[in-house]
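Notes to accompany the following structure.
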Amino acid sequence: MELYNEKELDRLNPYQKEAVLDESPACIVNANVGSGKTTVLISKVQYLHHVKKVNYEEMTVLTFTNKAADEIKSRLLAAEPELPVEKLRGFGTFHSTALYYLREYLPVEKLGYTRDFLVIDPEEELELALDLIRQHKLKIKYKNRLKKRLESAMAVRGEEKKVSKYQDDIFDLVRLLREEKASQDKMTFFDLLENANLLLREEIGISLSPKWVIVDEVQDSDSQQLVFLDRLVSRGANLFAVGDPNQVIYSWRGSAFQIFYTLKHKYRAKELTLPINYRSSSSILEAARCFLQNGSPLTGVREPGNKIIVKRQYDAFQDACYLAGRIKKLHREGTPYGEMAVFYRLQSQSGMFEDVFSREGIPFEVSLKRTVGDVPVLRWCIRLLRFSLNKKDTPSGIYVLASREYGEGISEKKAKEIVCNSKPGASLLFDKMCGFSRICEELGNEEALFSYFELERYLNPVSASYMEDRDAVHRLFQIMFDYVKEQQENREAGMRAFINSSSLYGLDVLREEISEEKDSVKLMTLHASKGLEFSCVFITGVNYGLIPLKTRDMDGEEEERRLFFVGITRAKDRLELSYYTNPGERAMPGESRYIRMIPPRLLEGEEERGPAVSLQELKRQVQEQRTQVQERSLQEQKRSLQEQERSLQEQKRSLQEQKRSLREQEPAPTKRVRHPRYGTGVVVREDETMLEAEFEGYGTKEFIKAFSELEYI
DNA sequence: ACAAATAGCGTTTTT
DNA sequence: CGCTATTTGT
């Protein structure tokens, strides 16, 4: 398709073009923030298909989030509407791709599974583990941290050394758990990748050998995902990976450090760079550059734009009030609400902004994920379906019968007896679940499914949430039937696929109410902001102790810096930072040193004042500032003392030179200020909070910077 | 049964 | 560092 060459490639800059056209069997692209990473990735896929004649089915495109996968797929489909979606089955998250391989290509029977296995969430695995501990009377220490202990124990790969450092039975538990999951035909997220890795290692004739593996955000890979990549590359796939080492903010959950270096050496990959940022104004970009670790060649193409605004606020409440006004003003001036976002460090900080914004009538959306598991009735329903589709899943059967809110409401002991001994006639609901396979294909619609299980009875009609629950279940069933209809498989297989995908992708059952107001200000943590962009970004609470968060070690500190970098580079046109003079216990009063790292010439002067405050408030703020100044000068004294010690020798050496240059030095430029009452004056003395100026006819006056009506001229 | 010793957080979150 | 939950020792 020659058309592709001319039209698409010419839209790319030379760096992007080089990446798309690169012929190396392994190529890793160091994509700077906002440099068109996804564009290159999509272009690469299209180039491989149209020019290199690689089928879409022969490509595996791996992302970390469903959102990223959806974006890539929808952009490909938008460019080529006649492209059948089935051809993009290998395009998805690592986990969904592993699931696809396990179901379609890999011999899961070797691990004791059937092809009909279902995906479970981590909580269910924990229940299973606790059950096994009880059953086998295992000795497990620190049971309150069982989840974490299991995670680390499962990550131990070596077959030999299986002695717990606490001398308990944790490794026996891991083994039993693995066997139990296989016999119940269940896999966790972890198992999906782990089992795929296990089965891909064997050289047996698997008709699975993608020609290309393309990875997005490769800097986020953990060791399991790297093994998955390695299996595919070992089977002869070419590798094209895109990522940014400056955006590593998830190393605490296991993303491998120095991944670029590792990949480059392991696969002798060619390294390319995308240096040009198209997103942010050059002022914002210049500030961002202060937070880059290595001298990455991050260049911009945009005009300087607005200066960065730094606001001092009394506390989070004051900031929320100020932001409400500021957001309204920007909205009046033409910025849509949807182009504005407020970022904070901790989830717990969102509440204040939610309260104030609702009161002020500003439409907003808090980014919080909800899954089916968070809604009790849906959790119950999914487990009802799971047992109906998989009789080996006895824990789900017991859960359904013994639930307090829904179902038969019988005791767990009784439920266990019924389910484990498969006693017919003891429970109507149990019999219904057992008989589900027989009638499954006959059910006409979701209504029929609802009445088959007699859910109007089992959903507890006397409960306060009955109406809500019933609607939620109806919606769940409807989404499921729509999903099954789209699949070409039979009803039962379709429902299995639905359960798995609802575990992997979550469900939109409850999304409707939230997304009603599309044009809304987004509130989120700095972490959640990754991958997004907004015209206007507010980062709140840029105090030391919060941004950066007080961390244990140096690595943590570096990650905090990258996190702030990610935050400020989300902004296209406006960046506004704020800090509190009276933060909670956690943070220190006063600006974070991250603010001081930004060159002052990029900042808008701080002459603007916050909203009017009462006299009492003012007094409190002044006092606050005094203590703040005291603390700061104390810190500064300490710091300068250390510096003095360090530079003592140097000072001695250059003393004479200093003296000479001192004589030559120009006197400090006279700063002039204007006051509404005293007129124009000359600044005599100035520090961070105070300013002393001499006015003709009035003499010397002292001001607190934040509250004086002074104007620099 | 009680006291002393010890381990492991703290925040961020996707699948 | 300082707190809590849990284990260990008496």
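Just so it is clear: chains get the letters A, B, ... in the order the sequence lines come, proteins before strands, and each one is counted from 1. Everything numeric in this text was worked out from a predicted model, so none of it was measured.
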Distance in angstrom units between [X] [atom1] and [N] [atom2], rounded:
| X | N | atom1 | atom2 | result |
| --- | --- | --- | --- | --- |
| A:Phe189 | B:dT13 | CZ | P | 16 Å |
| A:Leu346 | B:dT13 | CG | C1' | 14 Å |
| A:Tyr344 | B:dT13 | OH | C1' | 14 Å |
| A:Trp252 | B:dT13 | CH2 | P | 6 Å |
| A:Lys530 | B:dT15 | NZ | C1' | 14 Å |
| A:Glu560 | B:dG10 | CD | C1' | 12 Å |
| A:Asp220 | B:dT12 | CG | C1' | 13 Å |
| A:Lys148 | B:dT11 | NZ | C1' | 11 Å |

Find every protein N or O atom lying less than 3.5 Å from an N or O atom of nucleotides 6-8 of chain C, and list the pairs.
residue: C:dT6; atom: OP1; partner: A:Asn144; partner atom: ND2; Å: 3.4
residue: C:dT7; atom: OP1; partner: A:Tyr142; partner atom: N; Å: 3.1
residue: C:dT8; atom: OP1; partner: A:Lys141; partner atom: NZ; Å: 2.5

Subject >> Qualifying residues under ring-ring contact (aromatic ring centres under 6.0 Å, His included), relative to A:Tyr100, sequence neighbours excluded >> reply: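 Partners of A:Tyr100 under the ring-ring contact (aromatic ring centres under 6.0 Å, His included) test: A:Tyr105.
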
Subject >> A:Trp212: ring-ring contact (aromatic ring centres under 6.0 Å, His included) partners, not counting sequence neighbours >> reply: none

**OP:** Please tell me which of A:Arg345 and A:Leu504 maps to the more 5' nucleotide of DNA chain B, matching each residue to the nucleotide holding its nearest heavy atom.
**Re:** A:Arg345

Subject >> Toward the 5' end of DNA chain B, by each residue's nearest nucleotide, A:His527 or A:Thr93 >> reply: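 Its nearest nucleotide lies further toward 5', so the answer is A:His527.
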
Distance below 4.0 Å between [X] side-chain N/O and [N] OP1 or OP2:
| X | N | answer |
| --- | --- | --- |
| A:Thr525 | B:dT13 | yes |
| A:Asn66 | B:dT14 | no |
| A:Gln347 | B:dT13 | yes |

**OP:** Would you classify A:Leu549 as touching base, sugar-phosphate or nothing, given that sugar-phosphate means primed atoms plus P, OP1 and OP2, and contacts are heavy atoms under 4.0 Å?
**Re:** base

Original post:
A:Tyr250 on top of B:dT13's base, within under 5.5 Å and under 30°?
Top reply: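 Answer is no, no stack.
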
Distance-only check: which donor-acceptor pairs under 3.5 Å involve side-chain atoms of residues 225-232 of chain A, not counting sequence neighbours?
residue: A:Gln225; atom: OE1; partner: A:Asp222; partner atom: N; Å: 2.9
residue: A:Asp230; atom: OD1; partner: A:Tyr267; partner atom: OH; Å: 2.6
residue: A:Arg231; atom: NE; partner: A:Asn197; partner atom: O; Å: 2.8

Subject >> N/O donor-acceptor pair under 3.5 Å between A:Ser96 side chain and A:Gly92 backbone >> reply: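 No.
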
Original post:
Which residues pass the side-chain hydrogen bond (donor to acceptor under 3.5 Å, both in side chains) test with A:Ser350, sequence neighbours left out?
Top reply: A:Glu354

Subject >> Separation between the P atoms of C:dC3 and B:dT13, rounded to whole Å >> reply: 27 Å

Original post:
Centroid-to-centroid, A:Tyr594 to A:Phe291, below 6.0 Å?
Top reply: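 Aromatic pair counts; centres sit under 6.0 Å.
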
Subject >> side-chain contact (heavy atoms from CB on, under 4.5 Å) partners for A:Ala316, two or more places apart >> reply: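 With sequence neighbours excluded, A:Ala316 shows a side-chain contact (heavy atoms from CB on, under 4.5 Å) to A:Met352, A:Tyr580, given in chain and number order.
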
